[in-house]
Amino acid sequence: MKNKQVAKLLREIGDLLELRDVKFKPYAYKKAAMAIESLSKDVSSIYKEEGLKGLKKISGVGQSIAEKIEEFLKTGKIKYLEKEKKELPVDIDELTAIEGMGVKKVQKLYKKLKVKSVADLKKAIKQKKIRRIAGFGEKSEERMLESMSFVKKTKKRMPIGYIFPIVSDLVKQLKQLKQVQKIDVAGSVRRMKETVGDVDILVATKNPKVVMDSFTKFKGVKRVIAKGATRSSVRLETGIQVDIRVIPLNIYGSALQYFTGSKAHSIAVRKIAMKKGYKLSEYGLFKGKKVIASRTEEEIYRKLGMQCPPPELREDTGEIEAAQKKKLPTLVNPKDIKGDLHVHSKWSDGTNTIKEMAQAYKKAGYKYIAITEHTGSLKIAKALDSKRLLKQVAEIKKINRQVPGIRILSGCEVNIKADGNPDISDKILKQLDIVVAAVHSGFRSNNTKRIIKAMENPNIDIIGHPTGVLIGKRAPYSLNFDNILDAAKSSKTALEINCFPTRMDLGTFHIKEAVDAKVMLAIGTDAHSVDHVRFMASGIGLARRGWCSKGNLLNTMTIERLKKWAR
DNA sequence: GCCGTTTTCGGCCCGACTGTTTTCAGTCG
């Protein structure tokens, strides 16, 4: 996937143009960057299939930007960008990562002090040179220095699965204030994005001051970045930034709509409002000075002639058109989920017994779980060989009698060897209810053939964490995903939505492609302890982001239908 | 640089907070 790289380069061009005070072009480049970043298809495959014409079909991409993308795909660089960079050799990315530093300030500091990097900036601050420049002062120096130490942390996005407990703790603290009339988490958390940069919380109250004062003093708050009557920002000890917005109850809907985003979705919706002669802001939908909708999101979208898209779809990747045509899909719901198809126990690298896991899932309302331990050649602690696997099958039969009300399926997470064969014999796999197969080695090679070979094995039901990505740690291995989808369809193999927080694999884009190709999907938490049962929530969110309906997921089947499907 | 069932030219989403200013530019979301 080249999309992220392309987006970054275009954004850099935008920044450089902004530095030079060029009008409007920066906006165009950044808009194009945003569109490419949220594209469901790889730009290089678009280019391969349809050439320059295909690139120009991307919203925000015209002749000039298309040519620059083409140049990058062919040569690995963009001459225009290299030239611009030579004239302004500034590490914009690094410098603007500092709180309160934007391109204009970077420009000023370069012109006046030849500041090119964070190191230069640090030196200039130490020499007290910054404060002598118009627009800067002693306080700016202080602020910059302070935020430099946070830069590394802030640039990192956190997996959503790890954000939930932190967020729910904050919400709980806020709910205890009697002044809080209504509260919601907005932003990327509400949209259930795989990773979260910062957390947005919306509160309705008649008494903003009390809410703001308490919030900025909550436990876990390390630093107050900004504090005002309607908006405050803090950084938690965990490094996460939390923004809180306080508004009166009568504009709750428009505020929630606005603060949920995404930015691309918000801009697109505002433009629809403009076309109808309205103005949309967080304060409501206006006709002239008259408010015509503000209490609920549904009301606003209705007045704009569209359905209200579920938050998970709000990325401007087709949901707006679908909402206008009243053709939004009915997304899968938590209550549709009957089972978890990827669970570990003490038998391999988990921390709880099978019985404990089953009881935890039963308590959470599940009808079945599949115990899927690591197998054979995998060097992970206590991987199961054929003998232990068969022993576990017998053991599970016993536990099934001890824990009524939930059905434990025998399975495994079999290792796909380099040649595409499983590292447990078919004779054994045949005796299991559900077989998840996954790649655990050879991350640097193209694994398309290997996975297709595995899918053609009739004993393999699900391909686990299909792209091998680890958030913030490992890039996905190279795959021809179109070929994977074809093979999944013809071999009737499901692809996993592994929602262990550091995996989130498949991700949004690939899920949507699988849904479009009518390939079955299976959510698996990859739970290694009873505390991991809750990861299902982000798995469902991820499935919804990929436009999954009930019918796209194995987990929504009854146990009878699932077993039939597996056979 | 991009875009258009009002436009192929003339516009580009909107508002809060901060630090520096004496009324606002820059940044952020």
Side-chain angles (χ1 to χ4, degrees), chain A residues 10-11 13-19 21-36 55-69 80 95-109 130-144 146-147 154 186-188 191 196-202 208 212 216 224-234 241-247 251 254-255 257-286 316:
Chain A
L10 293 179
R11 202 169 284 133
I13 295 178
D15 279 337
L16 283 162
L17 290 169
E18 207 171 329
L19 266 177
D21 260 342
V22 177
K23 300 289 174 205
F24 303 114
K25 286 189 188 182
Y27 176 73
Y29 275 99
K30 285 177 189 183
K31 217 180 117 197
M34 203 156 73
I36 286 163
L55 294 176
K56 280 166 78 174
K57 277 189 201 160
I58 302 166
S59 84
V61 176
Q63 185 67 26
S64 173
I65 291 182
E67 279 170 9
K68 289 187 177 72
I69 298 172
Y80 180 73
L95 285 166
T96 53
I98 295 166
E99 261 158 20
M101 279 284 270
V103 277
K104 293 275 166 63
K105 283 187 181 171
V106 169
Q107 176 190 45
K108 215 174 214 176
L109 293 180
I130 305 284
R131 63 181 69 176
R132 296 208 293 266
I133 295 171
F136 293 85
E138 221 171 303
K139 224 163 185 174
S140 342
E141 282 184 351
E142 218 170 87
R143 202 176 139 104
M144 281 175 185
E146 199 180 34
S147 64
T154 52
S188 53
R191 299 201 314 280
V196 174
D198 51 38
V199 175
D200 293 285
I201 296 177
L202 182 70
M212 287 305 197
T216 48
V224 179
I225 299 167
K227 189 180 164 197
T230 67
R231 210 190 86 193
S232 294
S233 297
V234 301
Q241 182 176 327
V242 181
D243 297 341
I244 190 169
R245 331 273 177 150
V246 169
I247 47 111
I251 61 158
S254 45
Q257 194 280 331
Y258 176 61
F259 294 127
T260 297
S262 66
K263 195 170 179 172
H265 177 89
S266 288
I267 290 174
V269 173
R270 281 185 177 190
K271 284 189 176 162
I272 290 171
M274 270 170 63
K275 243 179 230 163
K276 289 191 182 288
Y278 302 147
K279 188 187 76 168
L280 179 63
S281 78
E282 54 265 52
Y283 296 101
L285 184 63
F286 293 87
D316 194 18

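Chain letters run A, B, ... following the sequence lines, proteins first and then strands; every chain starts at 1. Just so you know, these numbers come straight off a predicted model, no measurement behind them.
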Nearest listed nucleotide, side chain of [X], among [options]:
X	options	result
A:Lys275	B:dA16, B:dG29, B:dT5	B:dT5
A:Arg143	B:dG1, B:dT18, B:dC17	B:dT18
A:Lys104	B:dG29, B:dG26, B:dG1	B:dG26
A:Ile65	B:dC2, B:dA16, B:dT20	B:dC2
A:Ala226	B:dC14, B:dC17, B:dG29	B:dC17

At under 4.0 Å between heavy atoms, what does [X] touch on the DNA or RNA strands: base, sugar-phosphate, or nothing?
X	result
A:Glu142	nothing
A:Ala134	nothing
A:Lys263	base
A:Lys105	sugar-phosphate

Establish, with yes or no, whether the OP1 or OP2 oxygen of [N] is under 4.0 angstrom from a side-chain nitrogen or oxygen of [X].
X	N	value
A:Gln241	B:dC28	no
A:Tyr278	B:dC14	no
A:Lys271	B:dG11	no
A:Thr96	B:dT27	no
A:Ser281	B:dC13	no
A:Ser64	B:dG1	yes

Rounded to whole angstroms, how far apart are [atom1] on [X] and [atom2] on [N]?
X	N	atom1	atom2	result
A:Asp15	B:dG1	CG	P	16 Å
A:Met274	B:dG11	CE	P	12 Å
A:Lys56	B:dC2	NZ	P	9 Å
A:Ile267	B:dC2	CD1	P	17 Å
A:Met101	B:dT27	CE	C1'	11 Å
A:Asp243	B:dT27	CG	P	18 Å
A:Leu285	B:dC13	CG	C1'	14 Å
A:Tyr29	B:dG1	OH	P	5 Å

State whether the side chain of [X] and the backbone N or O of [Y] hold a donor-acceptor pair below 3.5 Å, judged by distance alone.
X	Y	answer
A:Glu141	A:Ile130	yes
A:Ser188	A:Arg191	no
A:Lys105	A:Gly135	no
A:Arg245	A:Asp200	no

If you measure from the [atom1] atom in [N] to the same atom in [M], how many Å do you get, rounded?
N	M	atom1	result
B:dG26	B:dT21	C1'	12 Å
B:dG15	B:dT20	P	26 Å
B:dT8	B:dC2	C1'	12 Å
B:dG10	B:dT6	C1'	14 Å
B:dC13	B:dC17	P	22 Å
B:dG11	B:dA16	C1'	25 Å
B:dG4	B:dT18	P	39 Å

Query raised in the report: When only distance counts, do a donor and an acceptor, one from the side chain of A:Tyr258 and one from the base of B:dG29, lie under 3.5 Å apart?
Result: yes
Query raised in the report: When you measure from the centre of the six-membered ring of A:Tyr80, is the NZ or CZ of A:Lys68 under 6.0 Å away and within 45° of the axis?
Result: yes
Query raised in the report: Below 4.0 angstrom, N of the basic side chain to O of the carboxylate: do A:Asp243 and A:Arg231 qualify?
Result: no
**Report entry** Closest-nucleotide 5' rank along DNA chain B - winner of A:Gly137 and A:Lys31
**Finding:** A:Lys31
Query - Whichever of A:Phe24 and A:Gln63 has its nearest DNA chain B nucleotide further upstream toward 5' - result: A:Gln63
**Report entry** Base partner of B:dT18, which must satisfy Watson-Crick or wobble distances under 3.5 Å
**Finding:** B:dA25
Query raised in the report: Taking all atoms of both residues into account, what is the closest heavy-atom pair of A:Met144 and A:Ile98, and its distance?
Result: O-CG2, 4.1 Å
Report task. Check each of A:Gln107, A:Lys30, A:Lys25 against A:Glu18 using the side-chain hydrogen bond (donor to acceptor under 3.5 Å, both in side chains) test, and report the only one that passes. Result -> A:Lys30
